[in-house]
K.L.:
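Below you'll find the structure I mean.
Every heavy atom of this structure was used, including side-chain atoms; hydrogens, water molecules and symmetry mates were not. All residue numbers in this chain count up from 1 along the given sequence.
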Amino acid sequence: MVTKQEQRIFGMSFAKLYPLYVQKAERKGRARGEVDQVICWLTGYNEKQLEKQITSDVTIAEFFAEAPEINPCSASITGVVCGVRVEEVKDPLMRKIRLLDKLIDELARGKAMRSILRASPD
């Protein structure tokens, strides 16, 4: 069952959320391009598709529904964001939102991009 808060989040404009992600990263010395890279890695969008999603004012629910492919490596994302353990989130859409939140948090905390994108060591 989806709560009222979740319904509100799902209906939020991705175009309004995106600049908040960028601001969070930039406050910690990271770049917009890195935010885009993280979002594209998770969702399968390319840069052109991501820009279209931002400018077309889709909701967060539509943004994830239209995502080409959620990265299979996202299953390895664990930890707490906003007081919630991401691996325990039951609703599939809310889980995707929390995964993106977690990746942006890791970026803002200065974690190496290779680690954020769950790249295997060479």
K.L.:
Hey, does Val35 have a side-chain heavy atom less than 4.5 Å from the side chain of Lys24?
P.N.:
no
K.L.:
Quick check: do Tyr21 and Asp36 have side-chain heavy atoms less than 4.5 Å from each other?
P.N.:
no
K.L.:
Does Glu26 reach the side chain of Arg32, with side-chain heavy atoms less than 4.5 Å apart?
P.N.:
yes
K.L.:
If you compare all heavy atoms of Thr59 against all heavy atoms of Glu62, which two are closest, and at what distance to 0.1 Å?
P.N.:
N-OE1, 2.8 Å
K.L.:
Minimum heavy-atom separation for Leu103 to Ile116, with atom names?
P.N.:
CD2-O, 3.5 Å
K.L.:
Could you pull out all donor-acceptor pairs under 3.5 Å where a side-chain atom in residues 67-81 meets a protein atom, sequence neighbours excluded?
P.N.:
residue: Asn71; atom: OD1; partner: Cys73; partner atom: N; Å: 2.8
residue: Asn71; atom: ND2; partner: Trp41; partner atom: O; Å: 3.2
residue: Ser74; atom: OG; partner: Asn71; partner atom: O; Å: 2.7
residue: Ser76; atom: OG; partner: Cys73; partner atom: O; Å: 2.6

K.L.:
Which pair of heavy atoms, one from Phe10 and one from Met94, lies closest together, and at what distance?
P.N.:
CE2-CE, 3.8 Å
K.L.:
For the residue pair Leu100 and Ile104, establish whether any side-chain heavy-atom pair is separated by less than 4.5 Å.
P.N.:
yes
K.L.:
Among residues at least two apart in sequence or on other chains, which ones pass ring pair (Phe, Tyr, Trp, His ring centres under 6.0 Å) with Phe14?
P.N.:
Phe63
K.L.:
Under the criterion side-chain contact (heavy atoms from CB on, under 4.5 Å), I'd like the reasoning laid out for Glu87 against Arg95: C-alpha separation, chi angles, the key distance, then a yes or no.
P.N.:
CA-CA 8 Å; Glu87 60 271 24; Arg95 179 168 166 68; 4.2 Å; yes
K.L.:
Side-chain contact test, heavy atoms from C-beta onward, threshold under 4.5 Å: evaluate it for Lys48 versus Lys52 and give yes or no.
P.N.:
no
K.L.:
So which heavy atom on Lys111 is nearest to which on Arg30, and how close?
P.N.:
O-NH1, 3.0 Å
K.L.:
Going through the checks in order, is the side-chain contact (heavy atoms from CB on, under 4.5 Å) test met by Glu66 and Thr43?
P.N.:
CA-CA 9 Å; Glu66 295 172 7; Thr43 62; over 6 Å; no
K.L.:
Is there a donor-acceptor pair under 3.5 Å between the side chain of Thr55 and the backbone N or O of Glu51?
P.N.:
yes
K.L.:
Measure from the side-chain N and O atoms of Arg114 to the backbone N and O of Ala119, and report whether any donor-acceptor pair falls under 3.5 Å.
P.N.:
no
K.L.:
Are Asp101 and Arg98 within salt-bridge range, i.e. N to O under 4.0 Å?
P.N.:
yes
K.L.:
Is the backbone N or O of Ala31 less than 3.5 Å from a side-chain atom of Glu34, with the two atoms forming a donor-acceptor pair by type?
P.N.:
yes
